Amino acid sequence: MIQTFSIASYLAVKEVWRNRGRFLLVSLVIALITLLVLFVAALGEGLGNGNREYLSKLDADMIVFQAKSDNVIAASRLGRDRLAAVRRVDGVADAAMIGTSSASLILPGDDEPLKVAMLGVEPGRTGEPTVLEGQQLSTDQASEAIIDRNTAIRSSLAVGDTLTVRTTQGTRDEFFDLRIVGISDGQQFQLQPSIFVPFFTWDRIRSKSEAEVNSLTSVGNVILVKLQDPAQLEQVSQRLVAQVSNIETATLTKAIQALPGYSAQQSTLNTQGGFTLFIGILVIGGFFQIQILQKVAQIGVLKAIGAANPVVAFSSIIQIVVITVIGVLIGALLTFSFSLFFPPTVPIVFNGTTSLIAIIALLLIGPLGGLVSIRYAVRIEPLKALGLSS
Amino acid sequence: MKTYALETQSVIKTYQSESGTIQAVDDVSLQVAAGEFVALVGPSGSGKTTMLSILAALLQPSSGKVVLDGQDLAGINDIDRVAMRREKIGFTFQANNLVPYLTAVENVELMLRLNNKLDKTGKLRARELLARLGLADRMHNLPGQMSGGQQQRVAIARALIHNPSLVLADEPTASLDTERAYQVVETFAGLIHEQNRAGIMVTHDLRMVEFVDRVLLMQDGKLVRIYTGHSEIMELIQGSRH
């Protein structure tokens with residue numbers, strides 16, 4: 001076996017080296033496929049992350065929605081009375097209301113206002129992101145804000161600065177100043193950079209319809225729930241639905257899947273990635289098949305002088321693996337180089353796990369594509385290949 | 001009783017075709033001793049290439065025995081046939097003889113690699129053999145960088161380097177001009193005699209049999225005549241010129 005592998009490696013490496021121009025071209029094709037697959041994967045990750053980043057980083061076990069809102073945060077409306085009821089349910093360790101809305105962040109000079117997700121959170125409770133710089137929010141009604149890293153990068157605002165948000169109150173645009181007390185890590189929500197304000201401040205300044213402007217009741221979107229024992233998720237969920245009227249519950253994962261467009265977007269990008277891999281298999285398979293067809297006589301000679309089938313097969317496999325690995329490495333380096341030049345507004349995120357899965361899939365396309373050609377090589381009859389058959 | 005490196009007894013090879021059964025080799029019995037160089041000649045379709053394929057363990061006879069170094073080729077499985085070709089037989093073919101991405105010396109050493117015998121002595125022998133064949137300055141050339149005659153000489157070195165019992169050559173001069181063809185066959189014959197191998201050359205060019213010890217003439221699949229001795233062979237050559 002070692003002898004077979006040794007001869008096969010020798011033949012494979014010699015052939016690749018002595019025809020390096022041709023094989024490099026194939027590697028470059030694989031590199032381009034790698035570039036495409038990694039970018040599609042990174043785009044999928046970036047878009048997905050942009051949609052779910054805030055939710056996926058939440059320190060909560062469950063989200064309470066208004067009944068029949070289909071777990072869509074924007075479609076759910078819950079009053080403060082529900083929050084008190086949720087907190088009373090046995091098994092709930094903590095609960096906090098959050099409210100979501102959009103706002104325009106006014107930037108100095110002639111810059112276009114930055115569209116941000118403005119989230120109302122309860123200071124000191126789940127839902128308020130931990131700051132990396134500065135301080136947490138102080139009270140429920142303070143004119144303060146935490147901005148996420150994306151907002152900080154795109155607005156050049158820093159801790160201690162005052163930011164101005166523009167919202168629509170009925171039919172009028174109004175401007176509100178908030179002092180930035182802290183900057184958190186990336187907390188995008190529905191593809192927008194985020195700012196976090198105390199819940200009652202949020203309720204005061206968020207965009208409202210004419211009817212809502214004069215309303216005295218505070219309404220948030222959902223309630224985040226932390227459990228005393230996360231293993232009791234199902235039981236607590238049942239108790240919540242039974243004891244608090246007109247609500248439904250969902251895990252964070254379910255809530256993320258229910259984000260508008262999230263599932264469709266992810267499945268579209270995954271399909272694109274899958275098709276690119278499939279095309280890769282066909283391209284590589286086609287190349288190696290043509291190559292085998294061109295060297296039928298050469299393989300015939302090898303077999304006639306006593307090279308066994310495993311030598312021929314291993315030699316082909318080693319070549320395919322070497323060419324694929326070189327191609328994937330070049331592609332990964334190209335991807336990494338290009339990614340350095342992308343502005344932060346482009347939603348591309350190179351996640352280790354996603355990239356690794358893509359790279360493993362790419363490493364498999366060569367051998368998969370080459371299977372047919374290897375089978376063909378093994379079945380070459382030396383007699384026919386050398387023109388000795390009658 | 002004399003022992004032969006190669007012996008066949010009543011070898012028959014038939015093919016089925018739309019027009020019926022074709023008898024490509026019909027009851028051929030022959031013997032070749034070690035150190036003997038034999039030519040297998042005959043017109044197109046006489047069965048000489050089929051016979052060569054059978055002797056090369058590339059084709060199973062329909063019936064009969066092919067005994068190489070005391071072992072009947074008809075009775076062994078495919079894996080052993082491959083091993084037999086690797087260890088006991090040396091080949092040169094008409095064309096596409098060499099592995100195109102290996103240099104001359106690497107092509108010769110390949111036979112030693114396949115037989116797990118590539119050591120310092122083997123490497124030295126490969127270089128010496130190539131030098132004897134006039135290829136001292138071509139050892140590191142790829143086949144594409146050599147002439148047809150030089151490639152044939154590399155193939156001869158490859159056919160002999162692993163000390164096979166039987167050396168087979170299929171039309172080794174087909175793609176060469178007359179002068180180079182004579183040189184190649186003369187060198188081939190010299191090495192077969194010197195190294196005490198059994199050699200069989202299939203050729204349609206009767207001028208090339210000048211250097212062999214016997215000529216076996218095949219016609220319609222049968223072995224119809226054996227020319228032995230220098231004068232008989234020279235007569236055959238003279239006859240072919242008229």
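Quick caveat, the model's predicted, so the values are computed rather than measured. Chain naming here is simple, since letters A, B, ... match the order of the sequence lines and numbering starts at 1 in each.
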**Student:** Which bit of A:Leu11 is near chain B, if near means a heavy-atom gap under 4.5 Å: side chain, backbone, both or neither?
**Tutor:**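 Both backbone and side chain of A:Leu11 come within 4.5 Å of chain B.
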**Student:** Would you give the length of the straight line joining atom OH of B:Tyr101 to atom CZ of A:Arg20, rounded to the nearest 0.5 angstrom?
**Tutor:**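 It comes to 15.5 Å.
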**Student:** How long is the straight-line distance from OG1 of B:Thr49 back to CG of A:Leu383, given to the nearest 0.5 Å?
**Tutor:**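 Answer for the CG-OG1 pair, A:Leu383 versus B:Thr49, is 10.0 Å.
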**Student:** Measure B:Glu87 against the heavy atoms of chain A and call it side chain, backbone, both or neither at under 4.5 Å.
**Tutor:**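 No part of it gets close to chain A.
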**Student:** With heavy-atom distances below 4.5 Å as the criterion, would you say the side chains of A:Val301 and B:Arg158 are in contact?
**Tutor:**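 Yes, their side chains come closer than 4.5 Å.
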**Student:** Show your working on side-chain contact (heavy atoms from CB on, under 4.5 Å) between A:Asn309 and B:Asp78 and close with a plain yes or no.
**Tutor:** CA-CA 11 Å; A:Asn309 272 335; B:Asp78 283 349; over 6 Å; no
**Student:** Identify the heavy atoms of B:Val82 and A:Gly306 that sit nearest to each other, and give their distance.
**Tutor:**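 Looks like CG1-O, 3.5 Å.
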**Student:** Would you give the length of the straight line joining atom CG of B:Leu102 to atom CZ of A:Arg18, rounded to the nearest 0.5 angstrom?
**Tutor:**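 Rounded to the nearest 0.5 Å, the CG-CZ separation comes out at 6.5 Å.
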**Student:** What part of B:Leu118 gets closer than 4.5 Å to chain A, counting heavy atoms only: side chain, backbone, both or neither?
**Tutor:**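 Nothing of B:Leu118, per the 4.5 Å heavy-atom cut-off to chain A.
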**Student:** Which region of B:Thr103, side chain (C-beta onward) or backbone (N, CA, C, O), has a non-hydrogen atom less than 4.5 Å from a non-hydrogen atom of chain A, or is it both or neither?
**Tutor:**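 It is both, since atoms from each part get that close.
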**Student:** What's the separation between atom CD in A:Gln3 and atom CG in B:Asn115, rounded to the nearest 0.5 Å?
**Tutor:**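 Atom-to-atom, A:Gln3:CD and B:Asn115:CG are 8.5 Å apart.
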**Student:** Which heavy-atom pair separates B:Phe93 from A:Ala304 by the least distance, and what is that distance?
**Tutor:**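 Closest approach of B:Phe93 to A:Ala304: CZ-CB, 3.7 Å.
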**Student:** What do you reckon, is NZ of A:Lys57 surrounded by more than 12 foreign heavy atoms closer than 6.0 Å?
**Tutor:**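 Result for NZ/A:Lys57: enclosed.
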**Student:** Above 12 or not: heavy atoms from other molecules or residues under 6.0 Å from CZ of A:Arg22?
**Tutor:**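 Counting other residues, nucleotides and ligands, CZ of A:Arg22 exceeds 12 neighbours.
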**Student:** Check whether B:Ile79 gets within reach of chain A through its side chain, its backbone, both or neither, counting any heavy atom under 4.5 Å.
**Tutor:**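 B:Ile79 has no heavy atom closer than 4.5 Å to chain A.
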**Student:** May I ask you to decide if A:Lys303's main-chain N or O and B:Arg85's side chain share a donor-acceptor pair within less than 3.5 Å?
**Tutor:**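 Side chain of B:Arg85 to backbone of A:Lys303: a pair is present.
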**Student:** With a sphere of 6.0 Å drawn around CG of B:Asp220, does it hold more than 12 non-hydrogen atoms of other residues, nucleotides or ligands?
**Tutor:**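 For B:Asp220, atom CG is not crowded (no more than 12 foreign heavy atoms under 6.0 Å).
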**Student:** Is the number of heavy atoms from other residues, nucleotides or ligands under 6.0 Å of B:Arg180 CZ greater than 12?
**Tutor:**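 For B:Arg180, atom CZ is not crowded (no more than 12 foreign heavy atoms under 6.0 Å).
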**Student:** Mind checking the CZ-CD1 spacing from B:Arg86 to A:Ile305? Nearest 0.5 Å is all I need.
**Tutor:**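 Answer rounded to 0.5 Å: 10.5 Å.
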